[in-house]
Amino acid sequence: MATTYRTCPVSGLQFEDQAEKLMRWNAVAGVLWLLVGGITALLVILTRWPAIKLLPADQFYLILTAHGIDMLILWILFFEMAVLYFASSTLLRCRLATPKIAWLGFWLMVVGGITTNIAIFQGESSVMFTSYVPMQAAPHFYLGIILVAVGALLGTAVFFGTLVVARKDKTYQGSLPLVTFGALTAAIIATFTILAGAGILIPTFLWSVGLIKEIDAQLYRMVWWGLGHSSQQINVAAHVSVWYLTAAVIFGAKPLSEKVSRFAFLLYILFLQLASAHHLLSDPGMSAEWKVLNTSYFMYFAVMASMIHGFTVPGAIEAAQRRKGYTNGLFEWLRKAPWGNPVFSGMFISLVSFGFLGGISGVVLGTEQINMLMHNTFYVPGHFHTTVVTGTTLAFMSITYLLVPVLFRREMILPKLCQIQPYLFGISMSVLGLVMMGAGTLGVSRRHWDMAFSGAPFQYEWPGAAYLMMGLTGIFGVIAVVGGGLWILLVVGSLLFGKKLDGGKVSSQPTPIPPSTQAASAVAHGSDHVGVPGTVVLALLLFVSFVLYYFVNWKYLSEVWLLS
Amino acid sequence: MSAILPPSDRLWWKQPIDKVEWAWIAIAFVWGMIMFAMMIYWHVFGKQNLSNETYRTTPELFAAKAEKFIAENTIRTETDQNIPVVKVPAGGDGYLIARLWSWYPILELEKGQTYRIHLSSLDYQHGFSLQPVNINIQVLPGYEHVVKMTPTKAGTYAIVCNEYCGIGHSSMLGRIYVKGNQ
Ligand code: HEM
Ligand SMILES: [Cu+2]
Ligand SMILES: [Cu+2]
């Protein structure tokens with residue numbers, strides 16, 4: 001099929017015409033879902049803020065269902081499709097395999113997303129994004145999600161196909177770039193995940209139209225989390241790839257060791273499928289042996305993988321900076337980093353917040369016995385707002401500052417605001433996560449409309465500190481919404497009004513990636529080795545916080561009623 | 001050369017791994033194993049482990065058992081809804097029904113005694129969240145979960161439902177009394 005290739009004059013990246021259009025449409029669709037999700041976030045936060053309590057109960061649960069679906073599934077998935085096309089067609093400089101199928105996938109996802117949202121806003125499907133049986137939503141709620149999943153599956157298939165095209169057309173030599181390799185792990189996990197999802201959503205759909213009589217509640221939870229948890233691993237693999245991408249583009253950083261980083265990605269594939277167990281730790285239907293085995297032995301290899309990336313990403317940046325001469329002390333490389341560039345600042349806040357807050361809280365939450373202290377409390381959404389929001393969402397936001405000029409050929413408007421946006425969003429969201437976890441530690445429930453329990457036959461007065469935490473949740477939540485809204489404003493504003501940039505040369509043939517010279521690889525082979533003492537200090541700090549917080553929670557556990 | 005290009009060294013898998021990286025991998029690995037061991041240690045020596053004792057049941061069966069338990073052990077009723085307060089025999093079995101939207105009945109326990117509390121739901125999924133102790137257990141229809149509990153302090157405790165269960169979810173509040181032993 002005839003297509004053209006454009007070489008961006010700013011970045012040197014080469015965009016194939018179809019892939020470029022798909023990336024744009026997917027990214028824009030993602031941003032629109034983020035907009036809907038952001039409006040729902042504001043309504044959710046203003047209702048959970050005890051002093052305001054904006055919505056009535058029925059609307060709150062409806063809006064919260066929409067928030068979960070539109071954010072976690074739609075915003076993230078659409079953006080990830082763009083990342084997949086970028087990591088394959090753009091980085092490998094080849095044409096996209098079967099663009100028609102990619103478009104079909106895109107439109108299926110659009111139709112599916114709208115269908116599910118219609119179901120939610122009609123009011124008969126306020127079942128939360130987990131849609132635990134036997135609570136039932138309208139059939140088109142499930143149908144829409146199935147369409148989205150099929151669309152995403154087609155997108156991943158096109159990604160795999162594109163890797164084959166690149167290999168066949170010899171547009172690169174040797175192995176895949178690390179970022180593409182990371183995207184490949186994300187796509188492989190996605191394939192498994194979507195199949196698990198089909199395994200549960202199709203029967204649930206059939207049940208909702210009356211063709212299946214009953215679905216077992218425990219079985220549902222087990223298979224559903226095979227989808228729900230593994231999909232979070234797609235997000236981690238995707239945002240870690242984006243971190244490496246940012247480090248490469250901003251600093252020209254190369255991985256400390258290709259072997260280590262790739263091995264860590266591989267661990268995600270090998271072990272993450274099993275970690276769905278940590279959503280079932282306080283469930284009745286699974287044995288303790290099953291819980292311990294699945295969460296610990298297997299999950300800790302995935303934790304290890306994240307710890308490795310958490311070391312090698314800043315390590316790669318430190319090494320690159322030191323090569324440029326920022327060698328004073330432990331942290332000159334970090335002080336002299338481009339903190340005014342939102343691509344970098346967003347990525348670095350994402351890295352720190354994901355590691356220190358999301359990572360540590362996730363492992364503690366995923367410890368079999370400790371889970372009983374936190375299961376279904378506000379701790380849980382607190383935790384994942386520091387993974388999928390400050391981790392994934394912020395990484396995607398920051399890379400967009402790079403994509404708007406190179407992909408959409410527009411200059412970002414209002415550069416001063418662009419500079420502060422990652423700080424505003426990243427910091428307020430991190431604090432939001434922390435105070436949510438604080439409220440959860442005090443027992444406050446997630447998905448709960450009324451801390452005063454009006455209409456209940458009894459009273460229960462939460463501790464004053466819990467109200468304080470929920471008040472802070474409200475304040476920082478509103479700031480986070482402002483920070484997220486600012487990003488949408490800046491991006492959409494730039495797409496509409498930003499200065500048009502030169503698109504660069506267009507040719508009908510791809511220019512392959514030049515093979516690296518022998519000399520360059522000789523250099524890479526050890527002689528330019530630099531130490532990364534600053535990263536070591538950061539990593540040890542993470543480790544110490546991790547160990548302390550982990551054991552503090554065992555201490556809390558030892559103080560509650562005895563259970564056996 | 002960088003992470004967006006193919007590795008410059010085509011034999012990248014032969015490159016040696018730096019000492020510092022090895023050390024970090026080793027730390028991460030050992031820490032993972034310690035966390036693994038901690039859970040097993042707690043099963044052996046810890047005093048807070050979630051029970052493994054679960055039976056398949058149906059809403060009808062469970063409700064019948066619970067009603068029998070309530071009929072035999074009720075000591076008084078409370079609130080204008082006349083909710084029975086049921087004294088669970090020390091060391092014996094108590095039943096707690098989760099349903100839209102109440103925890104039923106009120107249980108009365110004694111500090112320091114161990115009870116076998118049977119939890120199940122008659123309809124949707126619910127969440128047993130004991131406050132202010134902060135113990136949280138999922139409650140499912142079709143599963144009878146027998147949790148052995150030993151209260152360590154006297155007082156009046158609330159059971160919050162923390163699994164979303166529909167419009168009345170936030171009014172689903174139950175109660176447990178723990179009497180101090182004289
Ligand atoms: C922009 C600022 C945001 C704010 C202020 C916010 C606030 C909240 C709050 C307070 C909850 C808990 C509600 C409850 O359990 O009662 C929540 C739930 C949730 N949020 Fe956000 N959020 C934001 C952005 C996001 C983003 C970007 C994502 C995903 C990428 C996300 C995904 C979720 C999910 C999946 C839930 C769980 C919904 C459920 O329990 O069913 N949020 N959010
Ligand atoms: Cu309930
Ligand atoms: Cu409930």
[X] versus chain A, heavy atoms under 4.5 Å apart: side chain, backbone, both or neither?
X        : value
B/Ile159 : neither
B/Asp80  : neither
B/Tyr124 : both
B/Ile106 : side chain

Report yes or no: does [X] contribute a side-chain atom to a donor-acceptor pair with the main-chain N or O of [Y] at less than 3.5 Å?
X        : Y        : value
B/Ser102 : B/Tyr104 : no
B/Asn134 : A/Thr441 : yes
B/Asn162 : A/Ser445 : no
A/Tyr244 : A/Ala316 : no
B/Trp42  : A/Ile370 : no
A/Lys259 : B/Trp13  : yes
A/Ser306 : A/Val303 : no
A/Thr180 : A/Ala87  : yes

Heavy-atom proximity to chain B below 4.5 Å, by part of [X]:
X        : answer
A/Phe86  : neither
A/Leu442 : backbone
A/Val536 : side chain
A/Val363 : side chain
A/Leu92  : neither
A/Thr312 : side chain
A/Met451 : neither
A/Ser126 : both
A/Trp554 : both

Can you tell which of [options] has the highest number of heavy-atom pairs within less than 4.5 Å of chain B?
options                               : answer
A/His375, A/Met374, A/Arg447          : A/His375
A/Tyr550, A/Trp449, A/Tyr172          : A/Tyr550
A/Asp450, A/Val133, A/Leu563, A/Leu91 : A/Leu563
A/Phe453, A/Phe543, A/Phe458          : A/Phe458
A/Ser282, A/Ala248, A/Gly174          : A/Ser282
A/Gln369, A/Arg262, A/Gln218          : A/Gln369

Provide the closest heavy-atom pair for A/Val260 versus A/Ile308 in the form atom of the first, atom of the second, distance.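 In terms of heavy atoms, the two residues are closest at CG1-CG2, 3.4 Å.
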Look at atom OH of A/Tyr556 and say whether more than 12 heavy atoms of other residues, nucleotides or ligands are closer to it than 6.0 Å.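 No, OH of A/Tyr556 has 12 or fewer neighbouring heavy atoms, counting only those of other groups under 6.0 Å.
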Does atom OH of B/Tyr41 have more than 12 heavy-atom neighbours from other groups under 6.0 Å away?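 Check fails, neighbour count at 12 or below.
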Could you go through residues 18-36 of chain B and list every donor-acceptor pair under 3.5 Å that involves a side-chain atom there, pairing it with any protein atom two or more places apart or in another chain?
from    : atom 1 : to       : atom 2 : distance (Å)
B/Asp18 : OD1    : A/His529 : NE2    : 2.7
B/Asp18 : OD2    : B/Val20  : N      : 3.3
B/Trp24 : NE1    : A/Met307 : O      : 2.8

Residue selection (most heavy-atom pairs with chain A, distance under 4.5 Å) from [options]:
options                      : result
B/Val133, B/Asp123, B/Thr79  : B/Val133
B/Val160, B/Ile4, B/Leu130   : B/Ile4
B/Ser121, B/Pro141, B/Ser170 : B/Ser170
B/Gln81, B/His145, B/Lys148  : B/Lys148

Give me the ring orientation class for A/Trp561 and B/Tyr157: parallel if the planes are under 30° apart, tilted from 30 to 60°, perpendicular past 60°.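 A/Trp561 vs B/Tyr157 ring planes: perpendicular.
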Between A/Val532 and A/Phe311, is any pair of side-chain heavy atoms under 4.5 Å apart?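 With C-beta onward as the side chain, the pair touches.
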Might you work through the side-chain contact (heavy atoms from CB on, under 4.5 Å) test for B/Lys153 and B/Val178, ending with a clear yes or no? CA-CA 7 Å; B/Lys153 245 167 83 186; B/Val178 177; over 6 Å; no
Anything in residues 44-68 of chain B with a heavy-atom distance to chain A below 4.5 Å? Please list those residues in order.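 Hits under 4.5 Å: B/Lys47, B/Gln48, B/Asn49, B/Leu50, B/Ser51, B/Asn52, B/Thr54, B/Arg56.
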Those residues that, when tested against B/Tyr177, pass ring-ring contact (aromatic ring centres under 6.0 Å, His included) (two or more places apart):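 None.
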Tell me which donor-acceptor pairs under 3.5 Å the side chains of residues 82-96 of chain B have, and how far apart each pair is, sequence neighbours excluded?
from    : atom 1 : to       : atom 2 : distance (Å)
B/Lys87 : NZ     : B/Glu110 : OE2    : 3.2
B/Asp93 : OD2    : B/Arg116 : NE     : 3.1
B/Asp93 : OD2    : B/His118 : NE2    : 2.6

